[in-house]
K.L.:
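The structure under discussion is supplied below as structure tokens; questions concerning it will follow.
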Amino acid sequence: MGEVQASRADYTASEDDNVLVQGVGGDGGALGYFGFAYYVENASRVKAVAIDSGNGCVEPTVGNIEAGEYTPLPPAVHLREQGLLAKPEVAAFIRFYMEHGAELTEAVGYVASDASIYAENLAAAGL
């Protein structure tokens, strides 16, 4: 988009990833954000975009996700920098997710990171 936190105003927000896939898949110029599992299930209808998190563009693949190379979302350390981890409920949620993330992620069909990634995120967040 060219600038941080800049987005078009003419969008459709939905918590239903299937609605997003349908909308993006039906419009060649559309852009959507949803989990990798939905991309895999709908790869014939949508195209994934490589993400540059500072070390060059990385394609979303199972291998890149498992290796921690594909990082479209900010790690827990950014929550700390924004002061959000000072809230006990946020810190508790991040701690729980980092401690149980792999099993929870795999349970819903997503790609879990290596256990070391969860441990690094936990340490980086100061939890």
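Note that the coordinates shown come from a computational prediction; the quantities given were computed from them, not determined experimentally.
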K.L.:
So how far is it from Asn55 CG to Glu69 CD, rounded to the nearest 0.5 Å?
P.N.:
7.5 Å

K.L.:
Using atom types as modelled, flag every donor-acceptor pair under 3.5 Å from a side chain in residues 37-48 to any protein atom, sequence neighbours excluded.
P.N.:
| residue | atom | partner | partner atom | Å |
| --- | --- | --- | --- | --- |
| Asn42 | ND2 | Tyr38 | O | 2.7 |

K.L.:
Just list the side-chain donor-acceptor pairs under 3.5 Å for residues 18-31, sequence neighbours left out, or say none.
P.N.:
| residue | atom | partner | partner atom | Å |
| --- | --- | --- | --- | --- |
| Asp27 | OD1 | Gly29 | N | 2.9 |

K.L.:
Measure across Tyr70 and Pro60 and return the closest heavy-atom pair with its distance rounded to 0.1 Å.
P.N.:
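For Tyr70 and Pro60, the tightest heavy-atom pair comes out as CZ-CB, 3.4 Å.
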
K.L.:
Can you tell me how far CG of Asp17 sits from CZ of Phe34, rounded to the nearest 0.5 angstrom?
P.N.:
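That separation rounds to 7.5 Å.
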
K.L.:
Which atom pairs, donor and acceptor, lie under 3.5 Å between side-chain atoms of residues 86-107 and protein residues at least two apart or in another chain?
P.N.:
| residue | atom | partner | partner atom | Å |
| --- | --- | --- | --- | --- |
| Tyr97 | OH | Thr105 | OG1 | 2.7 |
| Thr105 | OG1 | Gly101 | O | 2.6 |

K.L.:
Rounded to the nearest 0.5 Å, what separates atom SG in Cys57 from atom CD1 in Ile51?
P.N.:
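It is 8.0 Å, given to the nearest 0.5 Å.
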
K.L.:
Is it true that Asp16 and Ser14 share a donor-acceptor pair across their side chains at a distance under 3.5 Å?
P.N.:
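Per modelled atom types, Ser14 and Asp16 side chains form no pair under 3.5 Å.
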
K.L.:
With a 4.5 Å cut-off on side-chain heavy-atom distances among I, L, V, M, F, W and Y, is there a chain of contacts connecting Ile117 to Val58?
P.N.:
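No, it is not one cluster - the side chains of Ile117 and Val58 are not joined through contacts under 4.5 Å.
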
K.L.:
What about Phe36 and Val108, same hydrophobic cluster or not, with Ile/Leu/Val/Met/Phe/Trp/Tyr joined at side-chain heavy-atom distances under 4.5 Å?
P.N.:
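Yes, because Phe36 and Val108 connect within a single hydrophobic cluster, where side-chain heavy atoms sit under 4.5 Å apart.
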
